[in-house]
Amino acid sequence: MSKLKKQIGNSILELITGNIVEQDTDAVVNAANKRLAPGGGVAGAIHRAAGPGLWEECKKLGGCETGEAKITSGHGLKAKYIIHTVGPVYSGSSRDPVDLKNSYLNSLKLASENGIKSISFPSISTGAFGYPTEPASRIALQTVIEYLKSHPEIELVRFVLFSQEDYSIYKKALDEILNE
Ligand code: ADP
């Protein structure tokens, strides 16, 4: 397992290889679809691990728009909360980076509002939604770093990368951002 830790203000930013469903942070983020339904990738894994009560709770939320975020309880996960956000389906338009940034930002805002001190993110939009991982990683990391600088109530943000290749892309982007 690869792991990297950086201090940002009073908070910690971590990159690890691993599985989002196994994280023991207060919240984990779901790379959700607009219906907040079980599906493939991260959403499928989270719904399977959390159990059927999660879909029952999600059904009542009326879906979620691209770039927005909703919160549920963690059900069978170690995490107390699941924050569901819908990243953009990559199209190459100028909306994509704005929507992806909003997914991270609105997830972080929900975390702050709910007293969540530690949160794990997957690499939103870079699976079935087709966002190239390199530009997505820069948006993800820049948004989180900027937020942490003014929100010390969030003590830990962990990026959980599913492959060594994705981890290497995030690590390179983080090194570049911190050296800019
Ligand atoms: P999206 O639909 O937003 O693209 P996906 O779930 O298809 O979301 O994929 C997002 C990223 O999460 C991809 O890099 C994928 O490999 C990764 N991934 C898939 N399953 C898991 C998991 N259990 N834990 C962490 N990352 C995962």
Side-chain angles (χ1 to χ4, degrees), residues 1-4 13-52 54-55 58 61 63-72 74-93 95-108 110-111 118-144 156-174:
M1 193 184 100
S2 299
K3 190 164 182 169
L4 177 73
L13 176 61
E14 267 182 16
L15 305 184
I16 67 163
T17 50
N19 190 330
I20 192 81
V21 306
E22 291 167 6
Q23 304 308 310
D24 58 1
T25 41
D26 294 342
V28 298
V29 175
N30 181 15
N33 49 65
K34 285 186 174 179
R35 290 175 57 229
L36 301 180
V42 169
I46 285 183
H47 276 270
R48 270 194 305 279
L54 176 59
W55 175 222
C58 284
L61 297 178
C64 185
E65 291 303 320
T66 304
E68 294 185 352
K70 300 231 170 144
I71 190 164
T72 65
H75 297 268
L77 300 188
K78 285 180 200 158
K80 187 172 175 203
Y81 297 102
I82 302 167
I83 292 176
H84 307 260
T85 187
V86 182
V89 176
Y90 187 71
S91 68
S93 92
R95 272 307 310 168
D96 295 340
V98 179
D99 287 337
L100 188 60
K101 184 182 170 106
N102 282 337
S103 275
Y104 283 98
L105 202 53
N106 286 321
S107 298
L108 290 163
L110 265 185
S118 58
I119 179 168
S120 297
F121 282 96
S123 179
I124 294 164
S125 281
T126 66
F129 284 3
Y131 211 119
T133 306
E134 232 172 66
S137 68
R138 292 189 66 87
I139 292 165
L141 290 163
Q142 272 163 344
T143 306
V144 165
L156 168 68
V157 174
R158 178 182 293 159
F159 281 93
V160 182
L161 290 324
F162 211 40
S163 68
Q164 193 60 46
E165 192 190 342
D166 286 350
Y167 177 87
S168 301
I169 293 171
Y170 270 73
K171 182 182 180 304
K172 184 161 174 277
L174 181 58

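Whatever order the structure lists them in is the order used to number ligands and atoms, beginning at 1. Just the heavy atoms: all of them, side chains too, but no hydrogens, waters or symmetry mates, feed the values below.
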- Message: If the threshold is 4.0 Å, N to carboxylate O, is there a salt bridge linking D26 and K78?
- Response: no
Those residues at least two apart in sequence (or on a different chain) that pass ring-ring contact (aromatic ring centres under 6.0 Å, His included) with F162 are none
Can you find a side-chain donor-acceptor pair between [X] and [Y] that sits under 3.5 Å?
{"X": "D96", "Y": "S91", "answer": "yes"}
{"X": "Y81", "Y": "T72", "answer": "no"}
{"X": "S2", "Y": "T17", "answer": "no"}

- Between V42 and ligand 1, does any nitrogen or oxygen pair lie at a separation below 3.5 Å? yes
Polar proximity ligand 1 side, A43 side, N/O cut 3.5 Å exclusive: no
To which protein heavy atom is [atom] closest, and what is the distance rounded to 0.1 Å?
{"atom": "atom 20 (N) of ligand 1", "value": "F162 CE2, 3.5 Å"}
{"atom": "atom 8 (O) of ligand 1", "value": "A31 CB, 3.6 Å"}
{"atom": "atom 24 (N) of ligand 1", "value": "I20 N, 2.9 Å"}
{"atom": "atom 11 (C) of ligand 1", "value": "S123 O, 3.2 Å"}
{"atom": "atom 23 (N) of ligand 1", "value": "N19 OD1, 2.8 Å"}

Assess T126 for proximity to ligand 1: is some non-hydrogen atom of it under 4.0 Å away?
yes
_Proximity flag S125 to ligand 1, non-hydrogen atoms under 4.0 Å_ = yes
Under 3.5 Å, is there a donor-acceptor pair between the side chain of [X] and the main chain of [Y]?
{"X": "T25", "Y": "V28", "value": "no"}
{"X": "Q23", "Y": "N19", "value": "yes"}
{"X": "K70", "Y": "G63", "value": "yes"}

In terms of its nearest heavy atom to atom 9 (O) of ligand 1, the top option of G130, G39, G127 is G127
At under 4.0 Å between heavy atoms, what of D166 touches ligand 1? The answer is side chain
The answer for which part of A128 has a heavy atom under 4.0 Å from ligand 1 is both
Result for side-chain contact (heavy atoms from CB on, under 4.5 Å) between C64 and one of N33, T85, V86 points to V86
For A45, the ligand 1 atoms with a heavy-atom partner under 4.0 Å come out as 23 (N)
For G41, the atoms of ligand 1 under 4.0 Å from one of its heavy atoms are 6 (O), 20 (N)
Can a protein heavy atom be found under 4.0 Å away from atom 15 (C) of ligand 1? no
Hits for salt bridge (Lys or Arg N to Asp or Glu O under 4.0 Å) against D99, two or more places apart or cross-chain, chain-then-number order -> R95
